[in-house]
Number of protein chains: 2
Amino acid sequence: MTTTIKRRDTGVNLFHALSDVTRLEIMERLKDGELCVCDLTEALKTGQSRLSFHLKVLKDAGLITDRPEGRWTYYALNHEALKELEAVVQALQGSRRGVGSSSRCR
Amino acid sequence: MTTTIKRRDTGVNLFHALSDVTRLEIMERLKDGELCVCDLTEALKTGQSRLSFHLKVLKDAGLITDRPEGRWTYYALNHEALKELEAVVQALQGSRRGVGSSSRCR
DNA sequence: ATGAGCAATCAACATTCGTTGATCAGTAGA
DNA sequence: TCTACTGATCAACGAATGTTGATTGCTCAT
C-alpha cells in the first residue's frame with residue numbers, strides 16, 4: 001500500500017535524524033523552548049560548524065524549525081514531526097495478533 | 001542525570017537500528033508473527049548475506065529476537081524494546097511548557 | 001563606512017555503514 | 001557417511017556520514 005511505503009520513508013528519515021548522540025542532545029535541549037545556535041554551542045561545548053551541520057540534518061528531517069532574527073537564528077522543536085514519529089512507532093508495535101504463525105519454510 | 005544519558009544512549013541505538021529501509025521493512029514483516037530468514041529472503045527478494053547483516057543490527061539493538069530451530073532460525077519482534085522506543089519518543093515530546101523562553105544571547 | 005559577532009557553507013579528511021561474493025558451521029535426509 | 005540446505009561470518013569494496021578549519025554572507029554597533 002502506498003501509505004505504508006510513505007510511512008516507511010518518513011520513518012527512515014526521522015529515525016536517521018535521531019540516530020546521533022549530538023542530535024538527540026540538541027532535541028533534549030530544545031524541549032524547554034527555542035534556543036539560538038550560540039546557546040547550543042555553549043551548552044554542548046562544541047564547535048559552531050559541527051553544530052550547524054547537525055541542526056541542518058534535524059531541520060531537513062522536519063524535526064526542528066529555524067527562526068532567523070537579527071544576527072541570531074533560533075531553533076525550536078517541531079511538535080508535528082514528533083507526533084508523526086509517535087505514529088510511526090505505534091504502527092511498528094502493530095496488531096500484536098496471532099503469535100507464531102510462521103509458514104515453517106515448507 | 002544518569003537516567004537521561006542512559007535513555008539517550010538506548011535512544012541512539014534504537015533509532016540507528018531503524019534508520020534503514022530494509023530494516024524497517026523487516027520489522028513490518030515481523031508484525032504478523034515470527035519468520036525465518038528464508039521467509040524474509042523471499043519476501044524482500046534480496047540476498048541472504050545482506051539480510052543476515054540487517055537482522056544482526058536489529059538483534060544487537062534488541063529490537064528482535066532469534067530462535068534457532070533445526071536448521072532454521074526464526075526471528076520475532078521484541079515488544080519490550082518497542083515499548084522502550086515509545087518511551088524514548090514520548091520523552092522527546094517532553095513537557096511542552098513555556099514557549100519562547102530563550103536566553104536571547106545577551 | 002568599518003569592524004565585530006553569528007551562523008551557513010565548503011573542502012578535505014577520517015570513519016562508519018551497507019553490499020557482494022565466498023567461505024564456514026551446523027542440521028536433516030538419503 | 002555423503003550431500004544438500006540454512007544461516008552466520010569474513011574480506012573487500014564503494015558510498016554515505018561526521019569532523020575540522022577556513023571562508024563567506026548578514027546584521028548590528030560605532
In whole angstroms, how far is the P atom of D:dG18 from the CG atom of A:L58? 10 Å
Following the transitive rule for hydrophobic clusters with a side-chain heavy-atom cut-off under 4.5 Å over Ile, Leu, Val, Met, Phe, Trp and Tyr, establish whether B:V89 and B:L63 coincide in one cluster. yes
Check side-chain hydrogen bond (donor to acceptor under 3.5 Å, both in side chains) between A:R50 and all other residues, then give those that pass, not counting sequence neighbours. A:T22, A:T46
Taking atom P of C:dT27 as reference, at what distance in whole Å does atom CH2 of B:W72 sit? 13 Å
To the nearest angstrom, the CG-P distance between A:D39 and C:dG5 comes to 17 Å
Sequence neighbours excluded, which residues qualify as side-chain hydrogen bond (donor to acceptor under 3.5 Å, both in side chains) partners of A:H54? A:R23
Whole-Å distance, B:D66 CG to C:dG26 C1', equals 15 Å
Nucleotide D:dA16, atom P - distance to CG of A:N13 in whole Å: 15 Å
Residues touching DNA chain C, which here means a heavy atom under 4.0 Å, drawn from residues 14-23 of chain A: none
Ignoring hydrogens and geometry, is there a side-chain-to-backbone donor-acceptor pair from B:K31 to A:A91 under 3.5 Å? yes
For B:E28, give me all partners under side-chain hydrogen bond (donor to acceptor under 3.5 Å, both in side chains), at least two apart in sequence or on another chain. A:R8
In this structure, NZ of A:K56 is separated from CG of A:L51 (nearest 0.5 Å) by 14.5 Å
If you round to the nearest 0.5 Å, how far is CE of A:M27 from CD1 of A:I64? 7.5 Å
When the distance from CG of A:L35 to P of C:dA7 is rounded to whole Å, what number comes out? 11 Å
Does D:dA8 have OP1 or OP2 under 4.0 Å away from a side-chain N or O of B:Y75? yes
For nucleotides 2-4 of chain D, give me every protein contact, N/O to N/O, under 3.5 Å, one pair per line with atom names.
none

Of the residues in residues 45-55 of chain B, which ones touch DNA chain D at a heavy-atom distance under 4.0 Å? B:Q48, B:S49, B:S52
Side chain to side chain contact (heavy atoms under 4.5 Å, CB included) between B:C36 and B:Y75, intermediate numbers included: CA-CA 6 Å; B:C36 72; B:Y75 282 91; over 6 Å; no
Grab the two heavy atoms, one from B:Q90 and one from A:E86, that are nearest each other, plus how far apart they are. NE2-OE2, 3.4 Å
Can you see which heavy atom on A:L92 is nearest to which on B:L82, and at what distance? O-CD1, 3.9 Å
A:K56 NZ to D:dG18 C1', straight-line distance once rounded to whole Å: 15 Å
Spacing between A:L44 atom CG and D:dG18 atom C1', to the nearest angstrom: 15 Å
Checking B:L44 against B:R29 for the side chain to side chain contact (heavy atoms under 4.5 Å, CB included) test, could you report, in this order, the C-alpha distance in whole Å, the side-chain angles of both residues, the deciding distance, and whether it holds? CA-CA 9 Å; B:L44 305 197; B:R29 300 280 178 169; 3.7 Å; yes
